[in-house]
Asker: 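What follows is a single structure, and I will ask about it in a moment.
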Amino acid sequence: MSLSLDAIAHNTAKTVINLNILRQIEKDLDIDEKISVLFLIIEDYANVFRDIFDLFQKAKTENSYIIIDYVKKYPENWEDKILEALCILNNREVTRKLRISFNDLDLQYVPKIRSYSKNINIVAKCLYRLCESFNESEQKLLLSYIKSDNSNYESLLDDIDYLELHMLYWMQIKYITISKDEKHNMEKLLKHLKKFENLKIISIDLEKFENRLHVVDTHGNFGINDKNYLHPIFLEGSFLAEKNNKKKIQPINNGLCIIINQIYFGKEYETRFGSSTDCNNLSETFQAFGFKIEIFENLKRKEMLEKIKNISKDHDNKYDCLFLCILSHGYRGGVISSDEKEVSLEEIEKAVCCMELKDVIKIVIIQACQGKTRDFISTGSINNCLTIDGLSDSPALVSEDVRQFRKFLIFMSTIQGFVSVRHKDQGSWFIQEVCKILKIYGNQLPFIECVRKIMTSMQERNGKIEGTQVVQLPEIRNDRLDSDFQLKSIFNPAL
Ligand SMILES: *[C@@H]1O[C@H](CO)[C@@H](O)[C@H](O)[C@H]1NC(C)=O
Ligand SMILES: *[C@@H]1O[C@H](CO)[C@@H](O)[C@H](O)[C@H]1NC(C)=O
Ligand SMILES: *[C@@H]1O[C@H](CO)[C@@H](O)[C@H](O)[C@H]1NC(C)=O
């Protein structure tokens with residue numbers, strides 16, 4: 001874990017915020033932001049519409065502090081919830097009032113990760129994003145659809161265009177339901193959302209929750225002080241989809257594994273010792289499943305993207321599964337090429353997801369850091385064997401614009417904002433685990449179950465870099481697999 005996370009480890013939400021600070025913050029919030037904060041921190045969504053509506057009315061009068069009113073009434077864990085809500089709102093003016101850096105907050109609450117929330121109801125987070133995505137005319141349209149389903153629509157809301165208030169009303173009349181124990185019901189809303197082309201991604205998220213496919217513990221209990229443990233999170237729906245759908249597991253007959261092994265860089269990034277061990281290990285592992293292996297080393301940015309785009313041209317169409325493994329330094333949202341340029345995950349995704357490969361299962365495995373503080377490397381040498389795959393905390397944004405390409409999944413060595421650990425002889429922790437688990441279970445369990453095992457066993461690893469305790473948590477991103485699949489060992493176990 002990076003030093004920046006370590007820094008927040010000394011703060012608890014209670015030391016960062018109190019009612020006086022909240023009062024200062026509330027002064028700076030617009031009424032729509034106040035409504036959004038309230039919407040996010042609600043505990044029990046079913047019967048809260050009237051309360052929040054009253055607060056909203058009150059907010060129109062001067063010198064009212066409706067968030068303060070609310071947290072006084074529902075004090076449980078309010079500090080953590082408010083911090084997370086402010087993070088999701090991404091109002092930097094406001095968070096500046098807290099004596100804590102925005103990066104630290106980001107690291108703690110990872111507000112951009114769509115399938116995760118720490119203290120806030122994950123479906124509420126999703127609905128909030130929905131509210132934010134609508135423009136005025138789309139919102140009118142949605143409301144008209146919903147009013148047509150509900151003849152006695154609340155007249156208090158006639159001229160109110162805060163969608164969150166409407167949503168709370170929908171929950172009140174049980175048009176939609178959010179609950180703490182995953183019994184969500186979004187069916188009626190989803191039916192209308194389908195009519196909005198640009199909202200597909202949010203709809204897909206909501207649908208996952210609706211089907212109770214998510215495994216996110218919305219009220220996660222890893223403490224801020226607990227730097228050695230992160231909750232088993234961020235698994236998007238797919239492996240449970242497989243549970244519901246036992247029969248739909250595609251066997252892999254012809255696999256192709258392409259490894260891009262970046263060892264040497266220019267001036268700024270250090271040589272990635274140990275990466276060839278990873279490369280050999282991956283190659284050996286996938287060979288055992290009958291994959292054709294192709295290895296490229298030290299590709300420049302342009303070559304890297306071209307090689308990926310050329311995959312379908314360079315190989316005939318007989319493959320049913322492609323693993324693209326990229327081993328390199330990284331930054332938040334991407335990897336580094338050997339000429340020390342940034343290659344974003346989005347660019348990689350776009351290069352992989354071409355029409356020619358639309359029926360091929362495409363798995364991208366990335367061993368690289370996802371952001372860290374520069375200080376960490378420049379202060380003193382790392383003289384033990386563990387090191388990390390990254391350098392600067394680039395301002396590159398994590399895009400939420402996941403394109404809807406089928407049969408595609410990225411498995412990252414770490415969640416956004418965190419480092420990845422590599423042993424200079426034995427290779428990276430992540431690739432070691434990937435190979436170990438696939439070797440043992442690859443031909444016995446569906447892929448997503450293997451991924452789950454990899455995530456579990458990663459949590460048991462830890463070590464020290466520069467005296468700082470390090471753990472690492474891999475993540476699935478952009479899961480667009482419509483069914484699970486299973487590798488096939490080319491060796492007959494009976495022999
Ligand atoms: C709202 O969004 C829709 C769909 O993206 C677009 O067609 C429309 O022009 C937008 N309307 C306004 C007023 O921006
Ligand atoms: C793969 O990794 C494991 C664990 O680090 C190691 O024991 C093994 O020797 C490696 N295999 C190869 C071919 O490098
Ligand atoms: C990609 O394919 C094109 C056309 O076949 C070829 O000219 C180019 O050299 C290839 N790029 C790489 C990096 O292999």
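Whatever order the structure lists them in is the order used to number ligands and atoms, beginning at 1. Along the sequence shown, residues carry numbers from 1. Below, all heavy atoms of this structure are taken into account, side chains as well, without hydrogens, waters or symmetry copies. Every value quoted in this text rests on a predicted model; they were computed, and no experiment measured them.
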Asker: Could you pull out the closest heavy-atom pair between M171 and Y45, with the gap in Å?
Answerer: SD-CB, 3.4 Å
Asker: Ignoring angles and geometry beyond distance, decide whether E306 reaches within less than 3.5 Å of ligand 3 through its nitrogen or oxygen atoms.
Answerer: yes
Asker: List in chain and number order the residues that pass side chain to side chain donor-acceptor pair (under 3.5 Å) with E132, two or more places apart in sequence or in another chain; answer none if no residue qualifies.
Answerer: none
Asker: Pairs under 3.5 Å, N/O atoms on ligand 1 and on the protein: can you put them in a table with the distances?
Answerer:
residue	atom	partner	partner atom	Å
ligand 1	2 (O)	N135	ND2	2.3
ligand 1	2 (O)	E138	OE2	3.4
ligand 1	11 (N)	N135	ND2	2.9
ligand 1	11 (N)	S137	OG	3.3
ligand 1	14 (O)	N135	ND2	3.3

Asker: Identify whether the distance between the nearest side-chain nitrogen and carboxylate oxygen of E187 and K191 falls below 4.0 Å.
Answerer: no
Asker: Looking at F408, I'd like to know if the NZ or CZ of K362 sits under 6.0 Å from its six-membered ring centre while staying within 45 degrees of the ring's axis.
Answerer: no
Asker: Hey, would you say the F289 and F323 ring centroids sit under 6.0 Å apart?
Answerer: no
Asker: Does ligand 3 have a heavy atom under 4.0 Å from the side chain of K313, from its backbone, from both, or from neither?
Answerer: side chain
Asker: Is the NZ or CZ atom of K195 both under 6.0 Å from the centre of the six-membered ring of Y145 and within 45° of that ring's axis?
Answerer: yes
Asker: Are Y169 and Y153 close enough, and set up right, to give a ring pair (Phe, Tyr, Trp, His ring centres under 6.0 Å), and what steps lead you there?
Answerer: CA-CA 9 Å; Y169 171 65; Y153 203 88; 4.9 Å; yes
Asker: Out of all atoms in ligand 3, which are within 4.0 Å of some heavy atom of N310? Include the element for each.
Answerer: 1 (C), 2 (O), 3 (C), 8 (C), 10 (C), 11 (N), 12 (C), 14 (O)
